[in-house]
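The figures that follow rest on heavy atoms only: side chains count, while hydrogens, waters and symmetry mates do not.
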Amino acid sequence: MSRRALLAVNLLAIVAGVVLGAWLFHTVTT
Amino acid sequence: MGMWGGTRGEVDGRIRPLSVFLLFAGLAGTSAALTVLFLSMRAVMRVGGFCASGGPYVIQTPCPKGVAGLLIGSIWLGLICLGVYVWETFRLAGPNLAGLAWPALFLSLGYNFFEFGLRPPEGQGLIWGWVICGIVFVLMGGIPLVAVLATLGRSHDSPNRTVRASAKLLAASQLAQAAATAAKWSWATPSSGSSASPPPADDGVVGELERLADLRRRGDLSDEEYQAAKRRLLGTSGGA
């Protein structure tokens with residue numbers, strides 16, 4: 001797997017994590 | 001495995017789907033934990049910065065629902081996920097963004113301190129305690145961020161640098177080798193120059209001695225003649 005593809009996986013993971021974290025916070029606190 | 005149409009070894013060697021998944025999950029988990037921590041901190045600051053939940057005491061400011069658990073859980077989840085991510089990064093030899101987690105944590109929390117310190121939700125003036133915390137957190141996150149970005153910049157052109165460094169090293173070693181060879185020659189030249197005459201001289205003396213010994217063995221020279229010739233030969237060579 002190329003370095004560029006792994007970097008794309010990394011960036012996708014960061015975005016997915018932020019969305020997941022925000023969803024989790026709002027689900028738990030409301 | 002069949003998806004890539006290769007053998008198990010090829011899949012294991014090149015793609016490693018489980019590793020890629022764990023890499024994704026590890027970084028996504030870390031990112032989610034940082035987000036939850038950021039939002040939880042904001043929720044606590046919104047109620048004044050101090051809250052409590054549970055326990056036998058009367059609580060003045062109860063924590064927003066679920067925030068206490070989220071704060072603790074996000075710290076542990078973040079650490080575990082970061083560990084998984086770093087492990088898989090090394091296995092896949094891919095880009096490692098783990099160094100950004102620290103700046104992300106401190107800069108995001110520092111932002112909260114600034115926002116709520118400069119514009120408190122209850123309308124009072126500046127909260128200097130939070131502003132000072134904000135300055136400290138921004139420094140703690142910002143300085144390593146600069147260092148991490150500098151490292152990332154270096155690692156980008158590291159192959160070129162490595163090649164250049166290797167070329168320099170090679171050139172230096174060749175130069176050193178050439179210098180050593182030249183030095184050896186220059187050192188060798190005087191000694192070989194001075195020994196250029198001795199070896200023939202030595203060879204000559206030895207050869208003469210051997211010839212004399214041979215003559216004596218054959219009986220052409222008596223012992224006295226041999227000794228006299230030998231003394232003359234050694235005396236002559238010693239004098240020269």
List for me each residue that meets side chain to side chain donor-acceptor pair (under 3.5 Å) alongside B:N96, sequence neighbours excluded, and say none if there are none. none
For a quick test of reading the model, state the closest non-hydrogen atom pair linking A:A13 to B:L27 and the distance between them. CB-CB, 3.8 Å
Please flag which part of A:T30 lies under 4.5 Å from any non-hydrogen atom of chain B: side chain, backbone, both or neither. backbone
Name the region of B:T30, side chain, backbone, both or neither, that has any atom closer than 4.5 Å to a heavy atom of chain A. neither
Ranking A:L12, A:I14, A:L20 by heavy-atom pairs under 4.5 Å to chain B gives rank one to A:I14
Answer yes or no: is there a side-chain heavy-atom contact under 4.5 Å between A:F25 and B:T35? no
What distance do B:T89 atom OG1 and A:L6 atom CG have between them, rounded to the nearest 0.5 Å? 8.5 Å
State, yes or no, whether a side-chain contact exists between B:P64 and A:T29 at a heavy-atom distance under 4.5 Å. no
Among residues 100-108 of chain B, which ones touch chain A with a heavy-atom distance under 4.5 Å? none
Between B:L70 and chain A, which part of the residue has a heavy atom less than 4.5 Å away: side chain, backbone, both or neither? side chain
Pick one of side chain, backbone, both or neither for B:Y85, based on which atoms fall under 4.5 Å of a heavy atom in chain A. side chain
